[in-house]
Amino acid sequence: MRDERLIFEKSVEGRTGYSLPPNDVPQVDINALFGEEILRKTELNIPEVSEVDVIRHYTNLSRRNFGVDSGFYPLGSCTMKYNPKINEDIAALDGFAQMHPLQNPISSQGCLEVLYRMDKYLAEILGMERVTLQPAAGAQGEMTGLMIIKAYHMSRNDHKRVKIIVPDSSHGTNPASAAVVGFDVVQIPSDERGLVDINALEAILDDTVAGLMLTNPNTLGLFEEDILKISKMVHACGGLLYYDGANMNAIMGYARPGDMGFDIAHVNLHKTFSTPHGGGGPGAGPIGVSKDLVPFLPVPVVEKKDGYYNLDYDRPLSIGKIKSFYGNFSVIVRAFCYILSMGPQGLKDASGIAVLNANYIRKKLEDLYEIPYNRTCMHEFVLSAVRQAEKGVTALDLAKNLIDKGYHPPTIYFPLIVKEAMMIEPTETESPETLDSFIEAMRELATKAAEEPESLKHAPKTAYVSRLDEVKAARNPILKWSK
Amino acid sequence: MRDERLIFEKSVEGRTGYSLPPNDVPQVDINALFGEEILRKTELNIPEVSEVDVIRHYTNLSRRNFGVDSGFYPLGSCTMKYNPKINEDIAALDGFAQMHPLQNPISSQGCLEVLYRMDKYLAEILGMERVTLQPAAGAQGEMTGLMIIKAYHMSRNDHKRVKIIVPDSSHGTNPASAAVVGFDVVQIPSDERGLVDINALEAILDDTVAGLMLTNPNTLGLFEEDILKISKMVHACGGLLYYDGANMNAIMGYARPGDMGFDIAHVNLHKTFSTPHGGGGPGAGPIGVSKDLVPFLPVPVVEKKDGYYNLDYDRPLSIGKIKSFYGNFSVIVRAFCYILSMGPQGLKDASGIAVLNANYIRKKLEDLYEIPYNRTCMHEFVLSAVRQAEKGVTALDLAKNLIDKGYHPPTIYFPLIVKEAMMIEPTETESPETLDSFIEAMRELATKAAEEPESLKHAPKTAYVSRLDEVKAARNPILKWSK
Amino acid sequence: MLKTIGAQSIDELFSSIPQELRLNRELELPGPLSEHELRKHVKDIVKDNFDASWNLCFLGAGVYDHIIPSAIKHLVFRQEFYTAYTPYQAEMSQGILQAMFEFQTMITELTGMDAANASLYDGASAVYEAVLLACRHNERKEVLVARSVNPEYRKVLTSVFKYSDIEIKEIDYIMPDKGAKSGTVDMDMLKELISDKTAAVVVQSPNFFGIVEDIKAVSEKAKEVDALLIAVCDPISLGVFESPGKLGADIAVGEAQPLGNPMNFGGPLLGYFAVKKPYIRRMPGRIVGETTDHDGRRGFVLTLQAREQHIRREKATSNICTNQALCALTATIYLSIMGRKGLLDVATQCINKSNYAYQSLLKTGNVAKVFDAPFFREFVVKPAVHPEKLNEELLHDSIIGGYDLSKEYPELEGCWLVAVTEKRSKDEIDFLVNKVDSIIKGGI
Amino acid sequence: MLKTIGAQSIDELFSSIPQELRLNRELELPGPLSEHELRKHVKDIVKDNFDASWNLCFLGAGVYDHIIPSAIKHLVFRQEFYTAYTPYQAEMSQGILQAMFEFQTMITELTGMDAANASLYDGASAVYEAVLLACRHNERKEVLVARSVNPEYRKVLTSVFKYSDIEIKEIDYIMPDKGAKSGTVDMDMLKELISDKTAAVVVQSPNFFGIVEDIKAVSEKAKEVDALLIAVCDPISLGVFESPGKLGADIAVGEAQPLGNPMNFGGPLLGYFAVKKPYIRRMPGRIVGETTDHDGRRGFVLTLQAREQHIRREKATSNICTNQALCALTATIYLSIMGRKGLLDVATQCINKSNYAYQSLLKTGNVAKVFDAPFFREFVVKPAVHPEKLNEELLHDSIIGGYDLSKEYPELEGCWLVAVTEKRSKDEIDFLVNKVDSIIKGGI
Ligand SMILES: Cc1ncc(COP(=O)(O)O)c(C=O)c1O
Ligand SMILES: Cc1ncc(COP(=O)(O)O)c(C=O)c1O
């Protein structure tokens, strides 16, 4: 049943699988029109296969993949909740999918309505004044937010603010985004509670600080309890606060970044708002801003006047554009549907149950695994496989063994501040029975790690391939197929 | 990764996965309205699960199934050709899927146009006068045809015609359909060519014969070369000829049942016309009839007058109705799309290549397998595993070993007149490379059967289950789940 | 490839077809069209259809416009399901086999029967198969069918057995002006016609008028003469009503399109077929059974095949081969998503909403009552304008009106059969009622 | 579950959130809506959209209305693909990993580059990532960008680097009345501005006006000062045109939406990114590499991760994490279905049909020529009525007209950028031409 060939290896000279209308206009002499030197001389190595070849090839490839529709996917920080099918159907409507972004607004009122209303909805959920839907993902939301921070300071002729502070538990995109936009990154440690070390923060706050980026709850799944103090401190020194909303799933309807003192906040629609992640993307990372920052939002902003939606480009303080057009529209449509399906109480319940589920697993594993910051967590928690590692069974080994048990493993080796980290986020869409069987699987692994560690070193055994050699791949990179 | 539970075994009291609008009208007191005795007293054992439970359950079930999109499916007589995706998309359009069959024809002109045109197209392909699209499958087409035969004779006050003749190579539905409609079935043998034995036919033709049912090419994949003679003989004695069109894929554009002397012919849209078989159905079995038989067609017939389509129920000689409404409409839509996509030459080429492919495999296997009627075949051929069976390897064993090699096995033990039959139909949608690898697999099995027969007795090994005990299932039938 | 075969051309491979039979011209057909042209062409056709996505459907009469959960088609159109053939090779078909086993279980649960098959073509074919089973079982030839059974089913019955030795007799329903039971089977007539020649009695509940029949009473009558009771039941209604099995039916059949299947202009539909134990080996169609594999694990196979045409040929219990498996899968997934509670909710909303529509129509004063018995999802009224005219007018307001009963019941001239499912909101019902009222007042 | 945790209520689990931060009211949001209500609600919104399924789209300007084979979405929407996260666990993600490897191979093949990543957000982000790579590579700060590059990309570039030390300078194109090369990069100005401070030159071909640029000439200029050449190329056009790699580009980037992705009101799009060998370890984003498993079988993993943010944090080559994998899968399947020949056919039809439209428009006498250089799929003309007005009128005939260039190029006031893909038939083009002509004659 194994067919390991690439689509290129199935190519047969002259075979075709496409269907186009005949050319019904005069044929242009391409050589004459463009001149030969500009035309492709060597034949393109694009596979020559039939439609049935393509269908079988990618159907079979899909069968070597695992999605949240295949089973439990507690990939911490990534919030792999169920993606309701109705949202897919709606996003696929011709009335959305076949719209050109540059159409006259008179002909795209439906699209603009969705954008306008999503701006309002997300602003309400985040406690912000307005939202731009332009960023294509969380990381681009961060860039946008950082550009706004920069623009804000510049608009006040405050040119010396070159630093962005990030905690050591932050996601890699936070410092990377700051660097792309041209900031200097300063990292501060976490304290013994797993929270921002207030003293360390204090020590570096000065008038070169442009802002602080924070995830709350943080990547340990813990709420930054001192957030009000922190925001006061940062504001006091003239900096702004950026909220990395990847963990927003924990607190919808319970608390809002705006109320915590954040000036800017992104949300990952592909996490909290249930849009599918597509095996890597596309996602969407809208950001909300406080009132003072509204003038800096990217253009265009959708406005409504006398029941008519229009695109406002005339915003002199705007940072400009960060992405073509208006963001990942069809992802936004899905999230729009999600919000309407859930309603206010539904969103709050989602957070409530996400937190309940995480704490339940945490409690059921705390005797067998080290849990560095073992107290009530939010929607996720991080355990450490240090005890198992002593026996030679690493977080990676545990992960690969979970594959054989039918689960997608948790995030491993993140956050960086926990050794042998396994970051477990069950989400609210999982049933108690699923949690119980996962707990059971994790407990079995712990027992095996203690009793017969060697038996855990050879997983996975049931996947399409056995353990893959990542070192080899990086050392001698083969990045494309060649004949 | 194995989750063997039935959906019932995943049920959790009180869990729900459905989404309905709220009841926005006054609540009726159901007890009072209907009286308690008529209301359900015990709780319904319908599973209580969430949407994600359902999605995962049936996604995973699908992964234990094999379709023509998974790989080669040379199931003889069933014509498992590729099902173009565009046809699925079109059949799913609201403008078709959401139509009620009893709507005023003024509001369903589009549907009626499809029916009207399909009638014409199929009539042309079959060489018949008109076609009814009502039968839901081949077998129901047979019933309909047989009812027409009966009605025809009756209309001529010819009451003694109680017999239907079928060859011993015929499909089981032929005699079964005749019996359902109340005919006596007479079976005639095949001769040494694998064709209808003309003498045997001669011998039983008399004025009690209502008709003869024939597949052409027959189930051995051989064209009944004497068909004109046969049809003359049957007609001469006052009988009619019914064409079982399951093998129509062999001769589209090359020859037509109407021209062969058949009075009635069905086609299986789910075979020749590429509509998917759905793991068992639905299909569609339209039948075409010669001019004389048009008055007997089931009602309604779609007619066109001044550009307007209407349903004609006023047909006094009609046999009445055989199925609700107008047949498996959405299957008909797919076949309609197929015909338009292929065009006349495309259909003829399909038959040409189907025949080419079958002969190619036949030639490449004839040295290792017994082929009882080994001459140029049409779209399929039947080999016999008698040589292998001598070593203890049956057609069933070979089939199960093909599963492990990634192929759906051919039809086995049919037609009944060939021992250890394997009926191979590659169809035109398979590439030479696919045929070659299948041939290779079959040759390997032949070699193994000769050299180490025991090694073939334990397949399949790579399927979700190993060989299933059918005898046990039939002896002690468990036909539903109970707690 | 031709070389391997030893032929010069593909045409040569067709030499067994006598020359005079060869079609020496091209088929007269349009095409070929590319995907894009096909899509445009079909869109052009489809625009002449008034479908229920933009028209409010109040038409039922055997096919119903229920809400269909989105998730269904994401599963049913998994390629491994819909591009497979009948699961002859069980080991590589466990997906559909298990699903059919689940379907059979759900159907027995809904109907209160001991076994169900894996589907028949539609309600109509399920009825004739049931009649065939009954007649073969008790070797009798007379079958009594209530006139309140869906006329499509009765027509099919009549056609199929027209020239056979099975005789179909119809039993009237109680006429409109004949009391509280009007619209239900005329028990007096039943008593009159039933005899020890009766193979079976066929009754439908809710019947074609939407009215709930007293299956129990009919079944008791049938039992007296050892006739089988064939109950035709709507599966959605069985969310609230007692199962036919409990009420004495021997065979329960019907149309399961309402379980998640689109209306599809009437096809494919989904016939279900369930029986009490004594009749299991007489059932038509595919049946899936549980067994074990070589390693002792549970698995599923097609079973009791000795009933079927490919083995028994003319002695088979039925001629069916291809069935409606994918529609059965759809129904199985529908029932899984709805669950016990959802099904009850759908059924209850159908009752509430149809009753609301009924009362509202009557309240206009321009629509008259016809029958008295309580109904499920569908009811008969008599508007002051003829249904045919009324429906034509309603179409202008994007309403697909009810069924004109005079087509099949001349005695119910002017009567209108209106279906109201859970899909219709109060606003939509009010819209219908207003339009009906104003059309009538407009005096068309 | 609460008992296990030792809490009384779910609310208690939120006690780490300071009381004053708790939202003590419900969020002000609509809903909840059931599936059916949601569908109705959205249909109501969607009816205000004039989409390209029923309007003829002649608008391009970076996003194109090509024919999309039906098969694509049947594969891309396999749940195992679209409901998966980034393939961090390679062994259970071989499907998407192999597909991304195939994508990378196809992109290198089209662009003539040595390696490609597994996608970026869009053409715009691909351009800024390329600029970043170049500046970091040769430690220079000045970047020359042709004004004939898509204005959306240029705007994003300007915004992103506004406050950084990277400086963006624009190079003009040759103006309409300035000979055969009008509409292409002004090489004189390029020569003037380029220097050993130049990190990179960014040129697009076909450029925003649809005109094919002389990448080779620009690249030769860039090479002279050791600047990198960043070529922005449309992947469909690379079916006929020589690859940027062969023409001297160091980095090839662009928008791959035309490869089977719907327009989706502008998102998601699909940025591709390919480089010559020296720059591989500086690439942004996910990269899939081939390796072997424990048993020596070929397999695929995310590789060269030491470039990425989750390992290198602020020193990463880029901040990108989530990308556009599903759109890349779409493009991969699109290219597989079209194949070498199909891609060539699409490209050729784009040339034929856009040229036919161009000639036909000019022939009316009411539409003037603007540039002289040959174009691909898209061209600039100057109708006698202002594009804005013209487009508004065309909408009445269900035509989505071309792009009003004056928005971004004041000097091209009155100019109209018209895109004609293989999707448009001769009849549709004639319809456009007639309407334009009659609108202009109507003198609006
Ligand atoms: C905490 C955190 N921040 C930021 C991101 C980046 O978001 P995206 O992948 O949408 O760019 C992630 C995603 O994994 C995250 O978990
Ligand atoms: C030769 C032949 N006749 C008749 C039939 C019955 O057709 P259907 O399954 O559509 O009822 C078949 C189907 O397998 C067949 O192969």
Side-chain angles (χ1 to χ4, degrees), chain B residues 18 24-25 33 46 48 54 58 61-62 64-69 86 94-95 97-99 101 107 109-111 136-137 139 150 172 175-177 179 182 185 223 255 277-283 320-321 324-325 328-330 340 343-344 352 359-360 463 465-466 468-469 473 478-481, chain C residues 1 5 10 16 26-27 29 31-32 45-46 48-53 75 78-80 83-86 91-92 94-96 105 115 121 124 152 155 159 163-164 262 264-268 289-291 293-294 299 303 309-310 313-314 316 319 322-326 336 338-340 342 356 426:
Chain B
Y18 76 98
D24 57 357
V25 299
L33 184 65
I46 296 293
E48 298 181 270
V54 173
Y58 293 101
L61 280 194
S62 78
R64 300 174 200 161
N65 233 45
F66 187 97
V68 76
D69 284 1
I86 175 82
D94 282 343
Q98 299 216 38
M99 289 292 290
S107 68
Q109 287 292 298
C111 289
K150 197 95 181 197
S177 299
V185 176
F223 194 85
H277 197 263
K321 286 188 82 48
S324 292
F325 315 114
N328 279 345
F329 180 74
S330 90
L340 291 179
N359 277 290
Y360 180 72
V465 288
S466 57
L468 288 161
D469 189 343
I478 306 176
L479 309 181
K480 61 173 185 168
W481 178 82
Chain C
M1 286 170 70
I5 300 168
I10 288 186
S16 60
E26 203 171 61
L27 289 169
L29 294 172
I45 296 174
V46 156
D48 294 334
N49 283 337
F50 290 49
D51 71 68
S53 78
L75 294 167
R78 295 271 305 171
Q79 300 167 358
E80 296 92 332
T83 75
Y85 206 81
T86 302
E91 293 85 358
M92 74 198 311
Q94 285 299 293
I96 192 79
T105 306
Y121 305 133
E152 288 273 327
K155 277 194 237 174
S159 310
Y163 300 112
S164 77
N264 275 328
F265 202 52
E290 182 182 317
T291 187
D293 75 359
H294 223 258
T303 194
Q309 46 74 26
H310 60 287
R313 300 177 67 83
E314 65 273 17
N319 68 329
T322 290
N323 59 13
Q324 309 282 115
L326 207 68
S336 300
M338 298 313 289
R340 177 211 314 247
Y356 175 72
K426 179 172 178 302

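Just so it is clear: chains get the letters A, B, ... in the order the sequence lines come, proteins before strands, and each one is counted from 1. Scope of the values below: all heavy atoms of this structure, side chains included, with no hydrogens, waters or symmetry mates.
Nearest heavy atoms, C:Phe50 versus B:Met99: O-SD, 3.5 Å. Here the closest heavy-atom approach between residue C:Ile96 and residue B:Gly278 is recorded as CD1-O, 4.5 Å. Here the shortest heavy-atom pairing between C:Glu91 and B:Leu468 reads OE2-N, 3.1 Å.
Residue contact with chain B, scored on non-hydrogen atoms closer than 4.5 Å, involves the backbone and the side chain of C:Thr86 alike. Interface residue C:Leu75: only side-chain heavy atoms are found under 4.5 Å from chain B. Within the 4.5 angstrom heavy-atom criterion, only side-chain atoms of C:Tyr356, from C-beta onward, approach chain B.
The side-chain heavy atoms of B:Tyr58 and C:Ser336, taken from C-beta on, include a pair separated by under 4.5 Å. A heavy-atom distance below 4.5 Å is not found between the side chains of B:Leu340 and C:Leu29.
Judged purely by atom type and a 3.5 angstrom limit, C:Asn264 has no side-chain atom pairing as donor or acceptor with the backbone of B:Ser330. Checking side-chain atoms of C:Thr322 against main-chain N and O of B:Gly281 turns up no donor-acceptor pair under 3.5 Å. Panel note: side chain B:Asp69, backbone C:Gln79; no donor-acceptor pair is recorded below 3.5 Å. Proximity of a side-chain donor or acceptor of C:Ser159 to a complementary backbone N or O of B:Lys321 within less than 3.5 Å is detected. Under a 3.5 Å cut-off, the side chain of C:Thr291 and the backbone N or O of B:Asp469 do form a donor-acceptor pair.
Side-chain contact, C:Thr83 with B:His277: no donor N or O sits under 3.5 Å from an acceptor N or O.
Taking the six-membered ring where the residue is Trp, B:Phe329 and C:Phe265 present perpendicular rings, their angle passing 60° and hence far from 30°.
Per-residue heavy-atom pair counts under 4.5 Å with chain B were compared for C:Ala325, C:Ala84, C:Ser164, and the maximum is reached by C:Ala84. Ranked by heavy-atom pairs shorter than 4.5 Å toward chain B, the options C:Gly289, C:Gly339, C:Pro268 are led by C:Pro268.
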